[in-house]
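Since the structure comes first, as structure tokens, the remarks are kept for the end.
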Amino acid sequence: MAKINIKINGKPLDLSNLPEFEEHTNLHDIARHLGITNPCVVKTTKNSYDLSHKLGDIDEKDDLNFFDFDSPEGKHVYWHTSAHVLAQAVKRLFPEVKLGIGPAIESGFYYDFDFNDCNVQISKEHLKEIESEISNIISENIEIKKEFFDKKRALDIMSDRKEIYKIDLINEKIGENGQISFYNQKEYNDVCLGPHLKSTGCIGNIALTNLTGAYWKGDAKNKMLTRIYGISFPNQTDLENYLTKLEEAKKRDHNKIGRSLKYFTTVDSIGQGLPILLPKGAKVVQLLQRFIEDLEEKNGYLLTKTPYFSKSELYKISGHWSHYQDSMFLLKTEDGDSETYALRPMTCPFQFQVYLNEDRSYRDLPMRFNETSTLFRKEQSGEMHGLTRLRQFTISEGHLACTPEQLDEEFTGCLNLANYCLELLGLERDVTFRFSKWDKNNKEKYIGSEKDWEDSQEIMRKILDSQNLNYTEADGEAAFYGPKLDIQFTNVYNKEDTLITIQIDFQLARRFEMKYTDASGEKKYPFVIHRTSLGCYERTLALLIEKYAGAMPMWLAPEQVRILPVNENLINYSQELKTNLENFGIKRIKVDTHNEKIGYKIRAAQEEKIPYMLVIGNKEVETSKISVRHRTNGDLGLMSLSDFVKLAVDEIENKTIN
RNA sequence: GCUGGCGUAGCUCAGUUGGUAGAGCAAUUGAUUUGUAAUCAAUAGGUCGUGGGUUCAAGUCCCUCCGCCAGCUCCA
């Protein structure tokens with residue numbers, strides 16, 4: 001038998017002492033022989049193979065890459081098989097259930113079911129029952145076998161079982177003479193491409209984590225099925241650790257601590273997606289906004305201030321009226337005015353009017369406009385969430401007009417500005433970049449020709465590549481007028497949202513007749529870049545709360561210092577100290593005047609995540625010093641006032657993150 | 001918009017099979033005058049998200065609407 005090259009999770013294995021394997025040995029046994037504890041899948045340059053495959057089944061034997069649970073590839077297979085086990089368990093408990101699909105996801109897996117024919121209102125109570133059936137299936141260690149059928153046979157099998165969704169899938173995916181693979185584990189069969197683990201016993205422990213609704217094929221026009229989410233690990237400890245970590249992450253949920261730390265609240269009578277920023281939240285937003293407006297000014301932006309609503313006419317020119325009307329709040333006047341107005345969902349058509357106010361020449365370009373812009377979008381009622389998805393929000397909005405030659409530099413400038421903001425807030429490692437493209441198969445969602453799109457996407461790709469940006473690509477995520485670079489972050493529930501976006505627009509200048517005269521006197525359309533520097537303030541606030549678990553960096557802290565007099569006689573002295581510190585540039589200070597012991601006041605300040613606590617007792621008065629306590633570093637001891645001022649002011653001015 | 005869960009004092013929660021609301025923290029007042037994560041006591045504060053229905057009687061059962069949460073769809 002020929003020698004084989006073996007890799008584990010992509011790393012080459014030292015082959016010096018390897019035995020030669022027989023053709024009939026299965027991959028699982030080979031993996032075990034190599035000392036891999038939790039083998040999941042074998043990949044060659046061409047294919048993926050189930051571990052039940054025999055070595056002889058493989059054509060490309062020279063290059064076997066074993067993936068175990070420690071690799072993303074391995075986890076994917078592990079979780080996919082776990083989904084099948086879940087489906088098998090549900091099928092055993094509810095024989096009439098209809099199966100949807102059950103893929104692995106980023107962490108864990110899900111399976112969609114239709115319980116319609118089961119005469120049961122499935123609820124979270126049932127998950128325990130299903131979990132215990134899952135344990136049975138794992139201990140039965142059922143072998144997982146792959147089998148191929150032609151389309152007709154596959155349809156017959158699934159028709160017998162009234163698996164309407166599987167029938168739908170087979171019809172959709174398989175051509176008339178096509179073959180389809182089934183994975184069988186005892187009484188359970190599923191149409192599936194695989195690959196899968198060798199047997200159900202290869203799975204350690206499964207926990208079911210959620211039960212929700214989900215549309216069949218992800219289409220809101222289709223029936224809603226019941227989705228059960230789960231996660232699995234080779235051992236119980238890892239599973240428990242994962243679940244604990246999940247719970248810990250939820251403790252940072254901005255929607256929870258943002259409310260309890262009094263950054264924001266919501267009021268039933270005001271309505272969904274319309275939060276109240278309380279003084280603490282409003283202060284952080286104000287600080288961010290001042291900072292951004294100054295920064296943009298330094299970067300050559302011209303400030304604009306445009307109306308919050310307009311006649312429908314404006315949106316008809318921009319294309320919003322036909323592409324976006326469902327998401328706009330319309331204002332109808334009832335005094336006989338036939339005009340319909342609408343609150344603005346975007347700033348672009350308004351800010352363009354600034355450009356249009358004069359004839360522009362190439363000498364004017366690039367032009368960079370910025371505005372702290374409040375927008376209104378009629379999101380569907382189920383969409384709103386905390387501070388991240390709102391019906392009214394305020395964004396650090398900007399539009400740039402430039403010549404084709406300037407596009408690269410201007411785009412890069414926007415990217416650099418965004419990156420600078422992210423670094424400053426300590427978020428640069430928490431974001432990913434997404435190149436959002438149009439969806440060819442959904443042309444009606446976009447304006448412009450196919451060539452326009454292909455060209456502008458190519459331009460953007462070139463720029464992104466020249467910046468050595470590590471990005472993913474997403475079809476169908478573009479704006480209706482052009483491709484986007486989205487800077488994404490993940491919240492405590494592992495859900496992704498866009499923080500910052502930079503978009504190239506090759507359409508709207510034409511619609512608005514925005515032109516410039518080039519050096520030869522010719523009228524041309526400029527490129528327009530739509531961008532934010534820090535995204536919208538509410539969402540950024542939410543991200544900051546989650547990132548810092550409510551403990552804002554000193555420069556953004558709504559309360560920077562709290563003075564804690566040891567007894568009531570020291571309140572006046574503390575008030576004077578407060579004024580004194582304010583004069584040195586530490587603006588946000590409170591004195592705790594409660595008639596309580598010092599421990600109580602420290603506890604309160606700690607829970608409110610106040611950066612610095614100054615304990616004032618007789619000792620401090622006598623020595624003219626202050627006792628400084630930091631929220632994370634604890635008691636810093638006695639310090640002169642000037643030393644503390646230096647420390648604090650330095651942190652504020654340098655926007656230190658700690 | 002859809003699926004499921006939830007909605008009792010400012011906050012976190014109790015409230016048995018329907019019999020006209022409880023606790024802790026916070027607040028206020030008093031005592032204490034306190035040295036690095038909760039001093040003690042008293043007082044005040046809800047008509048149980050909204051509107052309707054069933055009942056002799058509803059926080060507790062039914063319906064409507066509003067809001068909150070998770071997920072889906074959509075999206076900055």
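In what follows, chains carry the letters A, B, and so on, assigned in the order in which the sequence lines appear, proteins first and then strands, with residues in each chain numbered from 1. Keep in mind that what you see is a predicted model, and the values were worked out from it rather than measured.
- To the nearest whole angstrom, the two P atoms, one in B/U17 and one in B/A76, are 49 Å apart.
- Look at the P atom in both B/G10 and B/G45: the space between them is 12 Å, to the nearest Å.
- Side-chain polar atoms of A/Asp253 and A/Tyr493 form a donor-acceptor pair below 3.5 angstrom.
- Look at the C1' atom in both B/C75 and B/C13: the space between them is 36 Å, to the nearest Å.
- Of the nucleotides present, none pairs with B/A76 by Watson-Crick or G-U wobble criteria with both distances under 3.5 Å.
- A donor atom on one side chain and an acceptor atom on the other are not found under 3.5 Å apart for A/Tyr573 and A/Glu620.
- For the residue pair A/Asp114 and A/Trp216, no side-chain donor N or O sits within less than 3.5 Å of a side-chain acceptor on the partner.
- Side-chain atoms of A/Lys280 come within 3.5 Å of backbone N or O of A/Leu261 as a donor-acceptor pair.
- No contact: A/Lys601 has no heavy atom under 4.0 Å from any strand.
- Ring centers of A/His80 and A/Phe109: at least 6.0 Å apart, outside the cut-off.
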Original post:
How does protein reach along nucleotides 36-45 of chain B, written 5' to 3' as B (base within reach of a heavy atom under 4.0 Å), S (only sugar-phosphate), or - (no contact)?
Top reply: BBBB------
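- Between A/Phe115 and A/Phe113, the ring planes lie tilted relative to each other; the angle falls in the 30° to 60° range.
- For the C1' atoms, the distance from B/C11 to B/G46 is 14 Å, rounded to whole Å.
- Summarising the geometry, the separation between CG on A/Asn569 and C1' on B/G35 is reported as 15 Å, rounded to the nearest angstrom.
- When both distances must be under 3.5 Å, the Watson-Crick or G-U wobble mate of B/U47 does not exist.
- Taking the C1' atoms as reference points, B/G52 lies 30 Å from B/A70, given to the whole Å.
- Only the P atoms considered, B/U36 is 40 Å distant from B/G22, to the nearest whole Å.
- Salt bridge annotation for A/Glu371-A/Arg344: present, with a cationic side-chain nitrogen under 4.0 angstrom from a carboxylate oxygen.
- For A/His594 and B/C25, the NE2 to P distance is 14 Å, given to the nearest whole Å.
- With a cut-off of 3.5 Å on both Watson-Crick or G-U wobble distances, the partner of B/G7 is given as B/C66.
- Taking atom P in both B/U55 and B/A14, one finds a spacing of 32 Å when rounded to whole Å.
- Nucleotides B/G19 and B/A37, compared at atom C1', are 45 Å apart to the nearest Å.
- If you check the side chains of A/Lys578 and A/Gln575, you find no donor sitting under 3.5 Å from an acceptor.
- Of the candidates A/Arg562, A/Arg629, A/Glu651, A/Arg631, A/Glu651 is the only one forming a side chain to side chain donor-acceptor pair (under 3.5 Å) with A/Tyr612.
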Original post:
Just by protein heavy atoms under 4.0 Å, how would nucleotides 61-76 of chain B read 5' to 3' in B, S and -?
Top reply: -----SSSSSBBBBBB
